[in-house]
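Okay, structure first, notes after.
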Amino acid sequence: MKLSNRITNITKGGSDGWDVFYKARAMKDAGEDVIELTIGEHDIKTEEPILTAMYDSAMAGNTGYAIVPGMQPLREAIATRVQTRTGVETSFENIIVTPGGQAALFATHTAVLNPGDTALYLDPYYATYPGTLRAAGAIDLPIQTSPENDFQPTRAELEAHAKGARSLLMNSPNNPSGVVYSRETIEMICDVVRANDLWLISDEVYDTQVWTGEHLTPRAQPHMAERTLVVGSMSKSHAMTGSRVGWIVAPKDVITKLIDLSTCTTYGVPGFIQAAALFALEQGDPLEKRVGEVFRRRRALAQEALKGVNALHTVPSSGAMYLMLDIRATGLSGEDFALALLEAEMIAVMPGESFGKAAAGHIRVAMTVEDSRFVDALKRLATFAQSKIT
Ligand code: PLP
């Protein structure tokens, strides 16, 4: 029996540079001491009081079906956080709770796209983006950004594709590059979005992880709240990746329709998970700072460890838990470099090619191992890179 085009087109086959990841996992499973700097998963765990809140809620009987849009106190806490951080008026009616940012990415695109519509996104991109847009029935169209412009999109790049498209997906702080979009970039994106009557999906799951500069949401720009859907998540900000809890911020009428979609897809998020999320949000900035601090510290350690290594150029990664390194001076592709590094040093990094064409000749380093092991890995990586140019 033949499956639908929609589902068979989600992945287009081919490894897309993920061979290195699977190879590293296999080596680790075979007992080898591989240092994995691959995926965006904290090495620290969800804090215990959050787990206690989850347990207490479940033990108190909060194990039945939860209300689909999310319980009102949680929607209110998210709305308050959004309004406080962005200055844009936000009520619980602008919020729907979702099983993580990934479900929110799928729901937002399903909400704004008709089958066959063109959905734009910026390359390099988080690896699930093309598949998510195709799963939503769209034609996915990546827009190349360039390392020469520190992976910030330019007006010319956007305008070349915006006409006739229906949506644009952006992500700042960015995975994989770690780049945080400047005020000028955000204003320019909003200009192009308004001029071409696009929906804007803004993936802001790394909003608490900004090391220099500030996180700016396009939703705060003039006339953008009515056409912007923001994707948020507790995964990165609260080290709660496995809890699967996130949200969408959108105009009230869009949220009403998203509730219809959730009713016939996810049917909401478990009540005890929502209770834990509410508890975590109530801890406010100190908890978010504690979780983010680890990466701020490692980024500083990395800058020190990579100083003066001319085989590597560090993209100005001002946010998120990643460093993007330009290894083009070695003459290798990102994938060849990553495979050779894994074989020679048992250090696993992601090739830039795993995240689109724009980051070819780069590698992404996740800052997700303990400090001294991280610095040791970077120094060995630097020596390895240096050996390829001499
Ligand atoms: N968006 C970006 C840019 C990500 O890097 C991730 C996860 O790595 C997600 C969304 C999805 O996160 P989650 O579904 O855990 O909230």
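One-based numbering, in listed order, for ligands and for the atoms of each.
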One pair per line, please: each N/O atom of ligand 1 matched with every protein N/O atom under 3.5 Å away, atom names first, then the distance to 0.1 Å.
residue: ligand 1; atom: 1 (N); partner: Asp203; partner atom: OD1; Å: 3.4
residue: ligand 1; atom: 1 (N); partner: Asp203; partner atom: OD2; Å: 2.6
residue: ligand 1; atom: 5 (O); partner: Asn175; partner atom: ND2; Å: 2.8
residue: ligand 1; atom: 5 (O); partner: Tyr206; partner atom: OH; Å: 2.7
residue: ligand 1; atom: 8 (O); partner: Lys236; partner atom: NZ; Å: 2.8
residue: ligand 1; atom: 14 (O); partner: Gly101; partner atom: N; Å: 3.2
residue: ligand 1; atom: 14 (O); partner: Gln102; partner atom: N; Å: 2.9
residue: ligand 1; atom: 14 (O); partner: Arg244; partner atom: NH2; Å: 2.7
residue: ligand 1; atom: 15 (O); partner: Ser235; partner atom: OG; Å: 2.6
residue: ligand 1; atom: 15 (O); partner: Arg244; partner atom: NH1; Å: 2.8
residue: ligand 1; atom: 16 (O); partner: Gly101; partner atom: N; Å: 2.6
residue: ligand 1; atom: 16 (O); partner: Ser233; partner atom: OG; Å: 2.6
residue: ligand 1; atom: 16 (O); partner: Ser235; partner atom: OG; Å: 3.2

Open item on the list: Please confirm whether the ring centroid of Tyr126 lies under 6.0 Å from the ring centroid of Phe355.
Closed with: no
Salt bridge (Lys or Arg N to Asp or Glu O under 4.0 Å) pairs touching residues 163-172, sequence neighbours excluded, are Asp117-Arg166
So salt bridge (Lys or Arg N to Asp or Glu O under 4.0 Å) across residues 42-64, not counting sequence neighbours, yields Asp43-Arg298, Glu47-Arg290
Please confirm whether His362 and Phe151 have ring centers closer than 6.0 angstrom. yes
Quick note, salt bridge (Lys or Arg N to Asp or Glu O under 4.0 Å) partners involving residues 100-116, not counting sequence neighbours, are none
Taking the six-membered ring where the residue is Trp, are the ring centres of Tyr206 and His215 under 6.0 Å apart? no
